[in-house]
**Student:** 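Before anything else, here's the structure in question.
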Amino acid sequence: MSRGFDTMRYLPLSDRDRGEMLATIGAPDIDALFADVPAAARLSGPIAGLPGHASEMAVERHMARLSAESLTAGQVPFFLGAGAYRHHVPATVDHLIQRGEFLTAYTPYQPEIAQGTLQVLFEFQTQVARLFGTDVANASLYDGSTACWEAIAMAGRITRRSKAVLSGGLHPHYVGTAQTMARFTGDTLVTAKPEVTAQADDEALIAAIDAETSCVLVQYPDMLGRIPDLARIAAAAQAKGALLIAVVTEPVALGLIESPGTLGADIVVGEGQSLGVGLQFGGPYLGLFGCREKYVRQMPGRLCGETVDADGKRAFVLTLSTREQHIRREKATSNICTNSGLCALAFSIHLSLLGGEGLARMARASHLRAVQAATALAALPGVALVNASYVNEFAITLPRPAAEVVDALAARRVLGGVALSRLVPGQADLTHVLLVATSELTTDEDIAALCAALAEVLA
């Protein structure tokens with residue numbers, strides 16, 4: 001019995017197998033495969049503090065205990081935003097994306113067996129283009145931050161310039177992604193520190209545009225929830241031969257404010273998480289990308305198109321995949337390797353269920369809750385509202401460091417917002433700034449709980 005049990009164990013390689021593989025590549029032992037890793041970076045033994053192996057049941061119990069120590073978005077009053085937002089996702093979305101033909105679908109290279117996937121992506125593209133006010137949209141990218149960088153690279157190809165001007169209101173994580181990539185491409189990024197003012201930094205941004213600028217990046221609404229004047233910035237950028245790239249981290253806001261493309265943006269990118277995808281512990285998320293039709297061949301990612309087959313019936317195909325250029329790889333626009341198909345499907349289903357009027361109602365409800373929360377918070381001693389305008393996210397200043405206040409609120413079972421110093425550490429004038437976001441899920445009781453807890457913490 002014991003011998004029979006041993007033969008069923010999953011040990012894919014025997015010592016003989018390993019020996020043959022090492023001999024084939026000319027390595028004396030497995031340790032030789034790690035010779036290029038500096039000795040200081042190698043583990044010399046078990047990781048300190050990490051327990052040894054345990055049974056599956058024991059691990060589950062341990063992880064459940066750890067999980068119980070966390071506050072989740074649905075358990076307590078929730079006001080976190082800063083690029084990831086909690087909206088209601090209908091049960092229909094999860095039910096449909098878990099169908100086998102969607103959940104396991106992959107790259108739609110063979111249209112004859114991928115018509116469903118291609119049609120879904122075609123519809124998704126149509127929705128994104130209408131939402132962003134652009135002529136075309138691609139079949140999605142990884143997330144908002146990588147889409148942001150791809151837009152900078154695309155603008156460089158179009159203008160043949162390599163300097164991008166980034167607004168101080170652009171999310172620091174997006175700036176960080178761009179800076180990481182620019183190290184390898186040689187692009188120059190002109191960045192600005194965020195300033196806690198009632199209006200977005202339109203004036204400073206316009207002043208930074210010159211004849212060497214390839215593009216100007218503006219978040220809409222920006223990191224503090226303010227709404228920049230895109231039309232004015234677009235005119236200033238285009239007068240110097242540069243492109244305007246609008247970055248949208250909260251697509252629900254577009255149900256209430258004008259689309260970036262209609263205000264003159266040449267490229268619009270963003271994060272689609274708010275619609276259908278959910279918070280999901282930070283990912284996977286969904287990159288959105290749209291642009292003017294004349295730039296479509298410089299657009300990264302995939303583009304699905306509609307055509308007719310040999311029988312004259314409607315059919316869908318992968319029209320462009322300039323990110324890979326299977327034959328002319330040296331002309332590829334990007335090293336983006338795929339689109340976020342399942343998250344794009346979730347986005348598309350949710351937006352289809354809402355429709356244009358439903359999205360507007362969601363945005364309006366989120367905004368009204370923000371107005372209610374901002375008014376109540378600003379009435380507390382020592383609290384001041386920063387924004388002159390906002391949709392469903394705004395900034396307030398506190399008499400104490402915001403990071404301390406956030407921790408104190410969490411101890412009172414209120415997730416009261418995001419300390420700006422967490423996103424931009426080391427900038428003294430930001431330490432007292434708290435970002436607060438609301439949605440259609442925010443209730444009167446939630447706002448009352450936040451105000452009561454904050455008054456207690458600040459007392």
Side-chain angles (χ1 to χ4, degrees), residues 71-94 131 143-144 171 219-227 248-257 270-283 285-286 288 343 346-347 349-378 385-387 389-396 406 409-410 413-420 423 434-451 453-454:
L71 293 180
T72 63
Q75 287 181 311
V76 297
F78 184 89
F79 296 89
L80 276 64
Y85 303 92
R86 179 176 179 248
H87 291 282
H88 177 254
V89 178
T92 308
V93 175
D94 283 341
L131 186 66
D143 62 11
H171 196 295
Q219 185 169 319
Y220 177 78
D222 75 2
M223 182 178 62
L224 273 64
R226 303 167 301 191
I227 304 174
V248 179
T249 63
E250 169 56 304
V252 171
L254 299 182
L256 197 59
I257 58 177
E271 174 56 63
Q273 171 272 324
S274 284
L275 291 169
V277 179
L279 291 169
Q280 301 188 155
F281 301 95
Y285 280 176
L286 170 65
L288 309 178
C343 292
F347 176 100
I349 294 172
H350 192 180
L351 195 51
S352 297
L353 291 169
L354 287 170
E357 292 184 4
L359 179 65
R361 286 197 300 270
M362 177 187 282
R364 193 175 301 112
S366 300
H367 172 64
L368 292 175
R369 288 302 189 184
V371 172
Q372 182 182 351
T375 303
L377 290 169
L385 176 65
V386 172
N387 305 54
S389 61
Y390 54 89
V391 179
N392 66 320
E393 186 165 25
F394 56 88
I396 56 175
V406 167
L409 291 174
R413 297 186 64 78
V414 174
L415 296 176
V418 177
L420 188 53
L423 301 175
L434 181 67
L435 305 179
V436 180
T438 61
S439 76
E440 74 287 353
L441 293 172
T442 306
T443 65
D444 293 340
E445 292 77 14
D446 292 338
I447 295 172
L450 172 61
C451 290
L454 184 57

**Student:** Rounded to the nearest 0.5 Å, what's the gap from CG on L415 to CG on L80? Could you check?
**Tutor:**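 With rounding to 0.5 Å, CG (L415) is 5.5 Å from CG (L80).
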
**Student:** For L71 versus A410, what's the shortest heavy-atom pair and its separation?
**Tutor:** CD1-O, 3.6 Å

**Student:** Just verifying a value: how many Å separate Q219 CD and R226 CZ, rounded to the nearest 0.5 Å?
**Tutor:**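 That separation rounds to 10.0 Å.
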
**Student:** Using atom types as modelled and distance alone, determine if a side-chain donor or acceptor of N392 lies under 3.5 Å from a backbone N or O of A363.
**Tutor:** no

**Student:** First locate atom SG of C451, then atom CG of D446, and finally report the distance between them rounded to the nearest 0.5 Å.
**Tutor:** 11.0 Å

**Student:** Report the residue from E271, Q273, E393 that forms a side chain to side chain donor-acceptor pair (under 3.5 Å) with Y85.
**Tutor:**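 Exactly one candidate clears the test, E393.
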
**Student:** Do I257 and P221 have side chains that approach each other closer than 4.5 Å (heavy atoms only, starting at C-beta)?
**Tutor:** yes

**Student:** Is any side-chain heavy atom of L131 closer than 4.5 Å to one of P251?
**Tutor:**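 Answer yes - side chains close enough.
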
**Student:** Determine, step by step, whether Q372 and D444 satisfy the side-chain hydrogen bond (donor to acceptor under 3.5 Å, both in side chains) criterion, reporting the C-alpha distance in whole Å, the side-chain angles of both residues, the deciding distance to 0.1 Å, and the verdict.
**Tutor:** CA-CA 9 Å; Q372 182 182 351; D444 293 340; 3.0 Å; yes

**Student:** Got M223 and L420 here, is their nearest side-chain heavy-atom distance under 4.5 Å?
**Tutor:** yes

**Student:** Under the 3.5 angstrom rule, does the side chain of R413 hit a backbone N or O of V76 as a donor-acceptor pair?
**Tutor:** no

**Student:** For A419, check side-chain contact (heavy atoms from CB on, under 4.5 Å) against everything at least two apart and list the hits.
**Tutor:**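 For A419, the residues satisfying side-chain contact (heavy atoms from CB on, under 4.5 Å) (neighbours in sequence not counted) are A402, A403, V406, S421.
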
**Student:** Give, for atom OG1 of T375 and atom CD1 of I447, the distance between the pair rounded to the nearest 0.5 Å.
**Tutor:**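 Reported value, rounded in 0.5 Å steps: 9.5 Å.
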
**Student:** Distance check, rounded to the nearest 0.5 Å: T442 atom OG1 versus F78 atom CZ?
**Tutor:** 9.5 Å

**Student:** Strictly distance-based, threshold 3.5 Å: is any side-chain N or O of N387 a donor or acceptor partner for the main-chain N or O of L224?
**Tutor:** yes

**Student:** Under 3.5 Å, side-chain donor or acceptor atoms of residues 351-361 against the rest of the protein: list the pairs with distances, not counting sequence neighbours.
**Tutor:**
residue, atom, partner, partner atom, Å
S352, OG, Q127, NE2, 3.0
S352, OG, S348, O, 2.7

**Student:** Working note: V277 + V93, criterion side chain to side chain contact (heavy atoms under 4.5 Å, CB included); need CA distance, chi angles, decisive distance, verdict.
**Tutor:** CA-CA 9 Å; V277 179; V93 175; over 6 Å; no

**Student:** Taking the side chain from H171 and the backbone from A82, do they hold a donor-acceptor pair closer than 3.5 Å?
**Tutor:** yes

**Student:** To the nearest 0.5 Å, what is the distance between CG (L254) and OH (Y220)?
**Tutor:** 7.0 Å

**Student:** Please identify each residue that fulfils side-chain hydrogen bond (donor to acceptor under 3.5 Å, both in side chains) with S274, with sequence neighbours left out.
**Tutor:** E250

**Student:** Verify whether one side chain among E440 and H87 offers a donor that lies under 3.5 Å from an acceptor in the other.
**Tutor:** yes

**Student:** What I'd like to find out is whether the side chain of L377 reaches to under 4.5 Å of the side chain of L454, using heavy atoms alone.
**Tutor:**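 Side-chain contact under 4.5 Å: yes.
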
**Student:** Flag the pair L288 / F347 as yes when at least one side-chain heavy-atom distance between them is below 4.5 Å, and no otherwise.
**Tutor:**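 Yes. Closest side-chain heavy atoms under 4.5 Å.
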
**Student:** Write down the atom of A374, the atom of L385, and the distance for their closest heavy-atom approach.
**Tutor:** CB-CD1, 4.1 Å

**Student:** State, yes or no, whether a side-chain contact exists between T438 and L368 at a heavy-atom distance under 4.5 Å.
**Tutor:**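 Sidechains of L368 and T438: no contact.
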
**Student:** Measuring only between side-chain heavy atoms, which start at C-beta, is I227 closer than 4.5 Å to Y390?
**Tutor:**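 No; the side chains remain at least 4.5 Å from each other.
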
**Student:** With heavy-atom distances below 4.5 Å as the criterion, would you say the side chains of M362 and H350 are in contact?
**Tutor:**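 In short, these two side chains touch, coming nearer than 4.5 Å.
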
**Student:** Donor-acceptor pair, Y285 side chain versus L279 backbone, under 3.5 Å?
**Tutor:**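 Yes, because the side chain of Y285 sits within donor-acceptor range (under 3.5 Å) of the backbone of L279.
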
